[in-house]
Participant: 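Dropping a structure here in structure tokens format, bear with me for questions.
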Amino acid sequence: MNIYDQLTSLDFAVVGIYLLVLLGIGFWVSFKLKGSKNDNLFLASNSLKWPSIGFTMWGTNVGPSMLIASASIGYTTGIVAGNFAWYAFIFIFLLAVVFAPRYLGAKVQTLPEFMGKRFGNSTQNILAWYTIVTILISWLSLTLFAGGILIQQILNMPMWLSIVLLLTISAFFAMAGGLKAIAFTNVFQMILLIVVSVILTWIAFSEVGSLSAIQERIPSNYWNLLLPNDDINYPWIAILLGYPVMGVWFWCTDQSMVQSVLGAKNIKQGQLGANFTGWLKILDVPLFIIPGILCFILFPDLKNPDEAYMTMVTQLLPSGLKGLVMAVLIAALISTIDSALNALSTVFTMDIYVKKMKPEATRNQIVTTGRIVTVVGAFIAILITLAINSIKGLNLFDVFQSVLGFIAPPMSVVFLFGVLWSKTTRRAADSILIFGTLLSLTVGVLFLWIFPKEIYDFWPHFLLLSFYLFVVLSIAIVIISLLDSKNTDTENTLLPVKKVTMTLRAKLLWVLLFIVMLGLYLFFNGN
């Protein structure tokens, strides 16, 4: 299927107009709504309220790569991949009640800065570089790779030109307006993303007819969130044990995801924003995975399941609306990239440049350095993306999840024990960050490339591997801390955490979210 040939001049006009409007909004926020000269470019002057926080976190998480991959895995395995969206609410809650109060109470701009206050400069330095590498690989390069494929299909451009186009637009927001422009435009983008995805799902559902018709025309296990333990793709035990390792890292300790919470006006807005993100994650399944299931019913003979989402768009939507969907997909991609560029710039500027290179730097020097880092980071991301483009035959969804699964264990261990166990020492944290990361990445390289599971069947599921690594590193951090208990060089400068009471409104919203999620898990099982 040639996506480009399915589009009309009206579709391309809609894409162009939408991108111009998006640039106009960014320009207006960045240059016309100028605030105080002391505004914090990176954290939106701590002015973000719960709608912007929720939409920014969700928008950063939901990119076109995940839309296409989610529809693809919905086409091949059903609703089981919904666990990666719905199981997340527990760890978003953990962010709201455990981590966010400590981050905001410490008045930090980055998570490496927070851990630096907990353990000292060495930990902050290690985490700063760790975070930069993570953003470059897992956020920028993988997203650009998937997005480059999308732009290739839509605009019939070569990969390198597709990447440059995306980075140019994304860097505009990250350099010119910082988090405020990103957060402001994310609200506009995400509302449109919801609208067009609802339209697509509704049209496809109308073609199928009814819920009973769906159940009759798909394998019975397509409607189950928890699959038997002998399932090849996603056994329930792997999801139950493995996803929490990824969930803690992704939702509670990853700079790109937590950035908007750090920019919250206060803890109340931060907690409400996290709760709103949990509600928005419910939409992932009906908007991105169920279309793949519907495509399986309507177009059962697709040779490439990765074409499921785009097949639905080109075959079911009229001209003009196709263009709007394409434009919103591009906007969602920009949302992920500009948030990642902003996080990359923030970590390098505040944790390396100001902390180590030039502590006396003026605000203008800090802002200039941040913008230079954005350009350099974008260039490096292009090189990594082109390298990824040379790798063929990988399942996009599983690659994304497995890469996260191998990155997650060291960070999850260090943050959980660093925050929750006062006896954790600097030496233990640094050892896990250095040697634990080497162990996790080595296992990941062996699993993905050297001895791939499709050839060597001795491997457990990658989520179980992530869990096993987490257990090993947890035992290690406890042993090292206990052996190092007489060492008094841990530089904990964090103030005691004040008791944070959640508002009645927030409590009710969280209780309601837990009830809804329990109901969804009960409904989507036993079929």
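All residue numbers in this chain count up from 1 along the given sequence. Source: prediction; values computed, not measured.
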Participant: Are the side chains of Trp223 and Phe523 in touch, meaning some heavy atoms are under 4.5 Å apart?
Facilitator: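 Yes - at least one pair of side-chain heavy atoms lies under 4.5 Å apart.
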Participant: Would a distance-only check, ignoring hydrogens and angles, find a side-chain to backbone donor-acceptor pair under 3.5 Å from Thr201 to Pro286?
Facilitator: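 Confirmed, Thr201 side chain pairs with Pro286 backbone.
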Participant: Val248 and Leu416: which non-hydrogen atoms are nearest, and at how many Å?
Facilitator: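 What the structure gives for the nearest pair is CG1-CG, 3.9 Å.
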Participant: Classify the ring geometry between Phe99 and Tyr103 as parallel (under 30°), tilted (30 to 60°) or perpendicular (over 60°).
Facilitator: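 Plane angle between 30° and 60°, so tilted.
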Participant: Stepwise, does the side-chain hydrogen bond (donor to acceptor under 3.5 Å, both in side chains) test hold for Trp279 with Asn275?
Facilitator: CA-CA 7 Å; Trp279 286 104; Asn275 177 265; 3.0 Å; yes
Participant: Do you see a donor-acceptor pair shorter than 3.5 Å between the side chains of Thr77 and Asn233?
Facilitator: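 Distance-only check fails for Thr77 and Asn233.
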Participant: Check whether Ser431 reaches the backbone of Arg427 with its side chain - one donor and one acceptor, N or O, closer than 3.5 Å.
Facilitator: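 Looks like yes, one N/O pair under 3.5 Å.
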Participant: When Trp459 is tested against each of Phe451, Tyr468, Phe447 for ring-ring contact (aromatic ring centres under 6.0 Å, His included), which residue passes?
Facilitator: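 Going through Phe451, Tyr468, Phe447 one by one, the ring-ring contact (aromatic ring centres under 6.0 Å, His included) with Trp459 is satisfied by Phe447 alone.
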Participant: Apply the test side chain to side chain contact (heavy atoms under 4.5 Å, CB included) to residues His461 and Phe467: give CA-CA distance (whole Å), side-chain angles for both, the deciding distance (0.1 Å), then the verdict.
Facilitator: CA-CA 10 Å; His461 194 278; Phe467 173 72; over 6 Å; no
Participant: Does the separation of the ring centres of Phe89 and Phe514 fall below 6.0 angstrom?
Facilitator: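 That pair passes the under 6.0 Å test.
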Participant: Using the ring centroid of each side chain, check whether Phe84 and Tyr234 are separated by less than 6.0 Å.
Facilitator: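 Under 6.0 Å, so yes.
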Participant: Please name the pair of heavy atoms, one in Tyr87 and one in Leu240, separated by the smallest distance, quoted to 0.1 Å.
Facilitator: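 Distance-wise, the nearest heavy atoms are OH-O, 3.0 Å.
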Participant: So does Trp249 get a backbone contact from the side chain of Ser412, meaning a donor-acceptor N/O pair under 3.5 Å?
Facilitator: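 Pair found, side chain donor or acceptor close to backbone of Trp249.
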Participant: Assess the side chains of Trp58 and Asp284: does a donor N or O sit below 3.5 Å from an acceptor N or O?
Facilitator: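 On atom types as modelled, these side chains qualify, holding a pair under 3.5 Å.
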